[in-house]
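Here the structure is a predicted model, which is why all the values come from computation and not from measurement.
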Amino acid sequence: MQATLLQLAMAGAFGAFLGLLFRVTRQPGRTRAFTFSLVGLAAGVTAYVIFHVLSRTTGAPAWLLPMLVLLQVWLWLGPLGPKWRALERNGDEPR
């Protein structure tokens, strides 16, 4: 049980770190900067659940977990990610 929780925590932390790196590479001035880390954390936990199911059913190798976390973060923050609108000069959202 302790090994499972450790792997889950490490996958979540790695996902949050990748989300932070994804935020750093984006254009400055985006709203909701903290959301990138939260989406990365959720993607890491989801990737761990997928890995856990795969390892129990098919005996997936351990190197698959970081690849799944990286793929989930890239998908959730990239092409399938949320589309945020930039704020106007006065701080209002555009119509």
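Every residue two or more places apart in sequence or in another chain that forms a side-chain contact (heavy atoms from CB on, under 4.5 Å) with L21 is listed here: F17, L18.
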Show the atom names and distances, to 0.1 Å, of all donor-acceptor pairs under 3.5 Å that link a side chain in residues 45-53 to residues at least two apart or in another chain.
| from | atom 1 | to | atom 2 | distance (Å) |
| --- | --- | --- | --- | --- |
| T46 | OG1 | A42 | O | 2.8 |
| Y48 | OH | Q7 | OE1 | 3.4 |

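As a member of the Ile/Leu/Val/Met/Phe/Trp/Tyr network built from side-chain separations under 4.5 Å, M10 groups with L6.
Cluster membership check: L77 does not share its hydrophobic cluster with L41, using side-chain heavy-atom separations under 4.5 Å among Ile, Leu, Val, Met, Phe, Trp and Tyr. Follow the hydrophobic side-chain contacts under 4.5 Å out from F22 and you never reach L20; the two are in separate clusters. Clustering ILVMFWY residues whenever any of their side-chain heavy atoms sit less than 4.5 angstrom apart, transitively, puts L8 in the very cluster that holds L65.
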